[in-house]
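Worksheet for the structure shown next.
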There are 2 protein chains.
Amino acid sequence: MRIGELARASGTTTKTLRYYEAVALLPAPERTAGGYRDYDPKTVARLDFIRRSQAAGLTLAQIREVLQVRDAGTAPCHHVHDLLDRRVHELDRQIADLHALRLTVAELRDSATEADPESCNPSTVCRYL
Amino acid sequence: MRIGELARASGTTTKTLRYYEAVALLPAPERTAGGYRDYDPKTVARLDFIRRSQAAGLTLAQIREVLQVRDAGTAPCHHVHDLLDRRVHELDRQIADLHALRLTVAELRDSATEADPESCNPSTVCRYL
DNA sequence: GTGGACCTTCCCCCACACTGGAAGGTCAAG
DNA sequence: CTTGACCTTCCAGTGTGGGGGAAGGTCCAC
């Protein structure tokens, strides 16, 4: 498979594929006599894995970690479990932070709604922030 | 006020103050005979405003927008209200997205917990992602 | 044999909010 | 007169996930 074919099959771009190779998410593929990259069709599955992991909010660095464990021949289940577990806790924290921020911002907005616009003095710092 | 003094008074750094000037969050201050920046002490209040706005999750570009409206002599109340209102809706969407993601990731993690590690075949793409 | 689609490497570019460091100028104290 | 704290400008880099485009090579059909 040439790079454009793989890009179409996996729903990405040739730019991204070369980038993934550069950051070690994809192994360097074989080359044809003319120097073209020649991919194993299995690479599509690897790219699906990467896409799903990204959708789960993992960074490319974390995905690379998982793939390296697997490429070394070890089943990455425990590693993946730990990674996902940490990710769940991270999400819980992010959600709590956003809830707190939402409360603050809504309060600020409501105080701006109630105020008399005439009491807004342009020469001072806005009273609502 | 010289730049270091302002930095200490506002809890930031001289680097950041020069950066804010470069991106038009702060007006260019007067200069002393020796070429040093000489700030109006009111600048502390402006920096507090910037800090509070950042804490509300506004970007520097949005903060600059508000400050430019105010610097033009118009009270920015309505503008600020609209900005905060949009921000609240943005936060609601972000929170909903994270909730959905949290559900997905927790499900993936739990399926990894229940599985028999022996069923993990390193030669295939990990079944948990 | 030539046109066009595809490929190669290379280097620079985006947002975001700064941060680091080099090379040199200013100012007050001792 | 010198030391050291402070200041100046300018250039470049951080991390994330790629995108743009130049200059040139390859391959296949017509």
Exercise for review: Classify the side chain of A:Tyr20 versus the base of D:dG18 as yes if they form a donor-acceptor pair under 3.5 Å and no if they do not.
Suggested key: no

Review point. Of all heavy-atom pairs between A:Leu67 and A:Leu25, which one has the smallest distance, and what is that distance?
Key: CD1-O, 3.8 Å

Exercise for review: Could you tell me the separation between the CG atom of B:Leu6 and the P atom of D:dC6, rounded to a whole number of Å?
Suggested key: 15 Å

Point to revise | Candidate nucleotides C:dA17, C:dG25, D:dG18, ranked by approach to the side chain of A:Tyr19 - the nearest | key: D:dG18

Exercise for review: Rounded to the nearest angstrom, tell me the gap between atom OH in B:Tyr36 and atom P in D:dA5.
Suggested key: 13 Å

Check your understanding: Expressed in angstrom and rounded to an integer, what is the separation of A:Arg64 atom CZ from D:dT16 atom P?
Key -> 9 Å

**Study point:** Any A:Asp85 side-chain heavy atom under 4.5 Å of A:His89 side chain
**Key:** yes

Review point. What nucleotide among C:dT8, D:dC6, D:dG17 has an atom nearest to a side-chain atom of A:Gln54?
Key: D:dG17

Check your understanding: With a 4.0 Å cut-off on heavy atoms, is A:Thr32 in touch with a base, just the backbone sugar-phosphate, or nothing at all?
Key -> nothing

Check your understanding: Nearest 0.5 Å, what's the NE2-CG distance between A:His99 and B:Asp92?
Key -> 9.0 Å

Revision key, fill the gap. From the candidates C:dA17, D:dG18, C:dT9, the one with an atom nearest any side-chain atom of B:Leu60 is C:dA17

Review point. Of the nucleotides C:dT9, C:dC18, D:dT8, which one has an atom closest to the side chain of A:Arg31?
Key: C:dT9

Check your understanding: Just to confirm, is there a sub-4.0 Å distance from OP1 or OP2 of D:dT9 to any side-chain nitrogen or oxygen of B:Arg37?
Key -> yes

Point to revise | Touch class at under 4.0 angstrom, heavy-atom based, for A:Arg18 against every strand present | key: base

Review point. Which atom pair, heavy atoms only, marks the closest approach of B:Ser10 to B:Leu47?
Key: OG-CD1, 3.5 Å

Check your understanding: Of B:Ala61 and B:Gly35, whose nearest nucleotide on DNA chain C comes first from the 5' end?
Key -> B:Ala61

Check your understanding: Sub-3.5 Å donor-acceptor pair from the side chain of A:Gln68 to the main-chain atoms of A:Glu65, do we have one?
Key -> no

Review point. Is a side-chain donor or acceptor of B:Asp38 paired with a backbone partner of B:Thr32 at a separation under 3.5 angstrom?
Key: no

Practice item. Figure out the CD/C1' separation between A:Glu5 and D:dT26, and round it to whole Å. Key: 16 Å

Review point. For the base of D:dG17, is there a side-chain donor-acceptor partner from A:Lys15 under 3.5 Å away?
Key: no

Exercise for review: Kindly point out which of C:dC18, D:dC27, D:dT8 is positioned nearest to the side chain of B:Ile3?
Suggested key: D:dT8

Exercise for review: Nearest whole angstrom, please: distance from the P of D:dC10 to the CD of B:Glu21.
Suggested key: 12 Å

Study note, to complete from the structure: With the side chain defined as heavy atoms from C-beta on, B:Arg2 is closest, among D:dG18, D:dC7, C:dT8, to D:dC7

**Study point:** Separation of atom CZ in B:Arg51 from atom P in C:dC18, rounded to whole Å
**Key:** 12 Å

Revision key, fill the gap. Taken to the nearest whole Å, CG/A:Asp38 to P/D:dC27 is 12 Å

Review point. Among the nucleotides D:dT9, C:dC18, D:dT26, which one has an atom lying closest to any side-chain atom of B:Thr16?
Key: C:dC18

Review point. Quick one: is D:dG19 close enough that its OP1 or OP2 comes under 4.0 Å of any side-chain N or O from A:Thr13?
Key: yes

